[in-house]
Number of protein chains: 2
Amino acid sequence: MQVSKTLDYAVRSLTYMGNQPVGKHNMKEISQEQHIPLNYLAKIMRRLVKNGLVRSTLGPDGGYTLRKLPNEINLRDVYEAIEGEIRMVDCMDKDTLCVLYETCPQLPVWDRIQLSIIKILEDTTLEDMLKERKTVTLNRVN
Amino acid sequence: MQVSKTLDYAVRSLTYMGNQPVGKHNMKEISQEQHIPLNYLAKIMRRLVKNGLVRSTLGPDGGYTLRKLPNEINLRDVYEAIEGEIRMVDCMDKDTLCVLYETCPQLPVWDRIQLSIIKILEDTTLEDMLKERKTVTLNRVN
DNA sequence: GCATTGTGGAGCCATGAAGTCCATATTATA
DNA sequence: TATAATATGGACTTCATGGCTCCACAATGC
């Protein structure tokens with residue numbers, strides 16, 4: 001029930017890129033600015049590319065660009081690109097459903113939580129995060 | 001971001017006991033009824049005892065009893081007894097705060113999700129779960 | 001052609017979840 | 001008082017996975 005570092009790194013990279021949405025950012029830059037191990041970042045970016053969140057270009061002056069505007073990319077997209085489908089519990093174990101499934105008392109609760117998480121993730125875009133951060137920062141400074 | 005088997009087992013045991021709140025239930029019984037490995041269950045029950053959710057008695061005819069009524073035990077209690085404090089992200093790494101903490105754009109989102117989870121867990125008692133299960137079951141049958 | 005970028009995949013390592021086992025303490029009952 | 005039945009405490013094992021490294025390769029701009 002915790003956010004993985006991998007997801008953290010992905011969100012960092014994307015919000016970072018969201019600051020200059022049309023700009024191009026290479027791995028070294030992102031890695032240094034966001035304190036993410038370069039080799040690991042490489043792996044993560046591939047998933048973002050594969051899942052259509054980011055476009056990559058090769059060669060010198062290559063790098064990554066957001067495929068959509070920051071207000072068009074929500075956190076659910078990011079989560080699922082990295083972790084796959086959002087699922088609180090796994091009632092299946094190698095083809096067989098949990099023996100208690102039929103009258104499982106806890107399933108509805110995990111479902112409610114899952115829906116709530118999905119809603120929040122869907123409702124939050126990169127732009128939202130960047131705006132909110134600025135607000136928070138200003139509040140702190142003043 | 002998934003429910004651990006350990007937590008699942010704990011909830012299973014407690015809801016099971018909630019069916020006869022004043023009754024006494026020994027490990028063998030719970031283990032068999034709820035399909036939980038006996039030795040592992042032993043470990044889990046110790047935590048529930050230690051955290052005051054359950055009372056244990058030794059000797060023949062010993063076993064476990066709920067310390068409160070099913071409508072007085074909520075899922076947050078259970079969660080924290082098993083997993084400790086609920087925390088989505090860990091900004092600390094060995095005494096040092098994440099370098100990006102000050103203006104971290106994602107922290108507010110994980111906070112919102114965390115609060116939402118806590119609320120749902122707090123609002124759900126063992127009794128709620130047992131009642132809801134019956135409703136669900138009835139709906140299915142009819 | 002060369003340097004610079006990302007790609008793909010194999011592989012490593014530490015950690016923690018899940019589970020086992022056993023020796024011990026407590027207590028009911030015969 | 002002996003014995004059997006219960007829980008307790010802790011050491012230990014096993015396995016999967018998150019986090020990370022490395023390297024050979026492909027694309028592309030100069």
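Lettering of chains follows the sequences in order, A, B, ..., and the numbering in each one begins at 1.
Ranking C:dG19, D:dG19, C:dT4 by closeness to the A:P60 side chain, first place goes to C:dT4.
Taken together through direct or relayed side-chain contacts under 4.5 Å among Ile, Leu, Val, Met, Phe, Trp and Tyr, B:I30 and B:L58 form parts of separate hydrophobic clusters.
Between A:K28 and A:E33 there is no salt bridge, since none of the side-chain N atoms of the basic residue sits less than 4.0 Å from a carboxylate O of the acidic one. No salt bridge links B:E29 with B:K24; every basic N to acidic carboxylate O contact stays at or beyond 4.0 Å.
OP1 or OP2 of D:dG19 sits under 4.0 Å from a side-chain N or O of A:T6. Applying the 4.0 Å criterion to OP1 and OP2 of C:dT7, one finds that A:Y64 has a side-chain N or O inside that range. When the side-chain nitrogen and oxygen atoms of B:T57 are compared with OP1 and OP2 of D:dT6, none of them lie within a distance under 4.0 Å.
Following rounding to the nearest Å, B:K5 (NZ) and D:dA16 (P) show an atom-to-atom distance of 12 Å. Whole-Å rounding puts the A:M27 CE to D:dT21 P distance at 12 Å. Regarding B:L41, its CG atom lies at a distance of 14 Å from the P atom of D:dT6, rounded to whole Å. One interatomic measurement links the two molecules: CG of B:L58 to P of D:dT8, which rounds to 6 Å at whole-angstrom precision. If you measure from atom CE of A:M17 to atom P of C:dG6, you get 10 Å, rounded to the nearest angstrom. Put simply, NZ on B:K24 is 16 Å from P on D:dA5, counting in whole angstrom units. Atom CD1 in A:I36 sits roughly 13 Å away from atom P in C:dG6 (whole-Å rounding). Separating the CE atom of A:M1 from the P atom of C:dG16 is a distance of 19 Å, rounded to the nearest angstrom.
Of the residues near DNA chain D, A:R46 and A:E83, the one whose nearest nucleotide (by heavy atom distance) lies more toward the 5' end is A:E83.
Of the N and O atoms on the side chains of B:W110 and B:Q114, not one donor lies less than 3.5 Å from an acceptor on the other residue. Between A:Y64 and A:T57, the side chains place no donor N or O within less than 3.5 Å of an acceptor N or O (distance only, hydrogens not considered).
Counting any heavy atom pair closer than 4.0 Å across all strands shown, A:N39 reaches a base atom. Counting any heavy atom pair closer than 4.0 Å across all strands shown, B:K43 reaches a base atom.
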